[in-house]
Amino acid sequence: MPEPSVTPAPPTRRERWYAEGLRFTCTQCGNCCTGPPGYVWFSPREAEAMAEYLEMDVKTFLKTHARPVSGHWTLDERRTEHGYDCIFLKRDEQGRALCGIYPVRPTQCRTWPFWPENLASARRWRQVARNCPGVALGLEGQGRFYPLEQIRIIRDNTPGDPSPDPD
Ligand code: SF4
């Protein structure tokens with residue numbers, strides 16, 4: 001018997017500008033893993049996965065690779081010539097960014113750049129492209145194609161941002 005087909009929901013008003021999908025391919029520039037001080041939030045389950053990947057217990061992982069902010073945990077940063085690098089950001093000899101915990105990186109990293117705030121408007125997406133060559137590539141019609149349905153799944157999987165209000 002043929003599989004029942006599911007008709008995707010039509011784009012909402014806010015989705016209209018990317019109803020035909022978007023293109024993006026990471027160029028491994030590392031911009032999204034450095035820059036001004038920031039936060040890479042993670043859940044207790046993600047802490048367990050990262051600790052296991054690094055072959056340490058969660059308590060040691062939190063002590064050596066993370067810090068608590070406003071009741072949530074964020075990965076540590078390291079000051080480098082590029083800015084505040086994520087503690088797990090490494091660069092190869094060609095300067096390409098490599099994630100030291102790529103298979104178990106937090107959802108916040110997995111869902112970039114399809115965060116709700118980045119998708120708020122075409123204008124916002126173009127602003128993101130200024131700092132993310134992977135998005136800029138997409139604006140030129142290059143890179144991997146993401147249809148609306150896939151963007152929705154990634155977007156809706158983005159964790160909320162518990163960043164403290166700036167002073
Ligand atoms: S800024 Fe964009 S292109 Fe650069 S590493 Fe991050 S996702 Fe990839």
**Student:** Would you name the heavy atoms of Tyr39 and Ser163 that are closest together and state the gap between them?
**Tutor:**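 Tyr39 and Ser163 have their closest heavy atoms at CD1-OG, 3.5 Å.
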
**Student:** Take Glu149 and Arg152 through the test salt bridge (Lys or Arg N to Asp or Glu O under 4.0 Å) and record every step on the way to the result.
**Tutor:** CA-CA 5 Å; Glu149 275 311 290; Arg152 281 175 172 161; 2.3 Å; yes

**Student:** Using a cut-off of 6.0 Å, state whether more than 12 heavy atoms not belonging to Phe145 lie near its atom CZ.
**Tutor:**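 Yes - once you tally the heavy atoms of other residues, nucleotides and ligands closer than 6.0 Å, there are more than 12.
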
**Student:** Mind checking the OG1-CZ spacing from Thr80 to Arg78? Nearest 0.5 Å is all I need.
**Tutor:**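 Taking OG1 in Thr80 and CZ in Arg78, the distance rounds to 7.5 Å.
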
**Student:** Which atom pair, heavy atoms only, marks the closest approach of Pro11 to Ala19?
**Tutor:**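 Heavy atoms of Pro11 and Ala19 come nearest at CG-CB, 3.7 Å.
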
**Student:** Flag yes if Ile151 and Trp112 sit in one hydrophobic cluster, no otherwise; membership is Ile, Leu, Val, Met, Phe, Trp, Tyr, and two members link when side-chain heavy atoms are under 4.5 Å apart.
**Tutor:**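 In one cluster with Ile151: Trp112, yes.
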
**Student:** Nearest 0.5 Å, what's the CD-CG distance between Gln150 and Leu22?
**Tutor:**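 Gln150 CD to Leu22 CG: 11.0 Å, rounded to 0.5 Å.
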
**Student:** Out of the candidates Trp73, Trp41, Phe42, only one should pair with Pro106 under the side chain to side chain contact (heavy atoms under 4.5 Å, CB included) rule; please name it.
**Tutor:**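 Testing each of Trp73, Trp41, Phe42 against Pro106, the sole residue satisfying side chain to side chain contact (heavy atoms under 4.5 Å, CB included) is Phe42.
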
**Student:** Does one hydrophobic cluster hold both Val40 and Tyr53, with members joined at side-chain heavy-atom distances below 4.5 Å?
**Tutor:**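 Yes; Tyr53 is reachable from Val40 via cluster members.
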
**Student:** Any non-hydrogen side-chain atom of Val58 less than 4.5 Å from a side-chain atom of Leu62?
**Tutor:**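 Yes, their side chains come closer than 4.5 Å.
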
**Student:** For the residue pair Arg130 / Gln127, report whether a side-chain donor-acceptor contact shorter than 3.5 Å exists.
**Tutor:**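 Note: Gln127 and Arg130 side chains miss the donor-acceptor criterion.
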
**Student:** Looking at Asp85 and Thr34, what are the two nearest heavy atoms and their distance?
**Tutor:**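 Residues Asp85 and Thr34, closest heavy atoms: OD1-OG1, 2.6 Å.
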
**Student:** If you look at every heavy atom in Leu89 and Gly30, which pair is closest and at what distance?
**Tutor:**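 Looking at all heavy atoms of both residues, the closest pair is CD2-O, 4.3 Å.
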
**Student:** Inspect the surroundings of CZ in Arg14 and state if more than 12 heavy atoms from other residues, nucleotides or ligands are less than 6.0 Å away.
**Tutor:**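 No, the 6.0 Å shell around CZ holds no more than 12 heavy atoms from other groups.
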
**Student:** First locate atom CD1 of Ile101, then atom NZ of Lys90, and finally report the distance between them rounded to the nearest 0.5 Å.
**Tutor:**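 Output value for this atom pair is 10.0 Å.
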
**Student:** Kindly give the heavy-atom pair with the smallest separation between Gly38 and Glu77, and that separation in Å.
**Tutor:**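 Answer, listing the atom of Gly38 first, then Glu77: N-OE2, 2.8 Å.
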
**Student:** With a cut-off of 6.0 Å (strictly less than), are more than 12 heavy atoms of other residues, nucleotides or ligands near CD of Glu93?
**Tutor:**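 Count not over threshold, so no.
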
**Student:** Examine the side chains of Thr25 and Gln142 and answer whether a donor and an acceptor come within less than 3.5 Å of each other.
**Tutor:**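 No, Gln142 and Thr25 have no side-chain donor paired with an acceptor closer than 3.5 Å.
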
**Student:** Arg91 vs Glu81, test: salt bridge (Lys or Arg N to Asp or Glu O under 4.0 Å). Steps then yes/no.
**Tutor:** CA-CA 12 Å; Arg91 290 185 173 82; Glu81 63 194 282; over 6 Å; no

**Student:** Surrounding CD of Glu117 (heavy atoms of other residues, nucleotides or ligands, distance under 6.0 Å), is the total greater than 12?
**Tutor:**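 Yes, because the 6.0 Å sphere around CD of Glu117 holds more than 12 heavy atoms from other groups.
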
**Student:** To the closest 0.5 Å, what do you measure between CG (Leu139) and CZ (Arg126)?
**Tutor:**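 Separation between the atoms: 8.0 Å.
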
**Student:** Fit a plane to each ring of Phe24 and Tyr146, take the angle between them on a 0 to 90° scale, and name the class: parallel (under 30°), tilted (30 to 60°) or perpendicular (over 60°).
**Tutor:**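 Tilted.
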
**Student:** Any side-chain heavy atom of Arg23 sitting closer than 4.5 Å to one from Glu140?
**Tutor:**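 No, their side chains stay 4.5 Å or more apart.
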
**Student:** Working to the nearest 0.5 Å, report the span between CG of Leu119 and CZ of Phe114.
**Tutor:**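 Atom-to-atom, Leu119:CG and Phe114:CZ are 7.0 Å apart.
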
**Student:** Which of parallel (below 30°), tilted (30 to 60°) and perpendicular (above 60°) describes Phe61 and His65?
**Tutor:**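 The rings of Phe61 and His65 lie parallel, inter-plane angle below 30°.
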
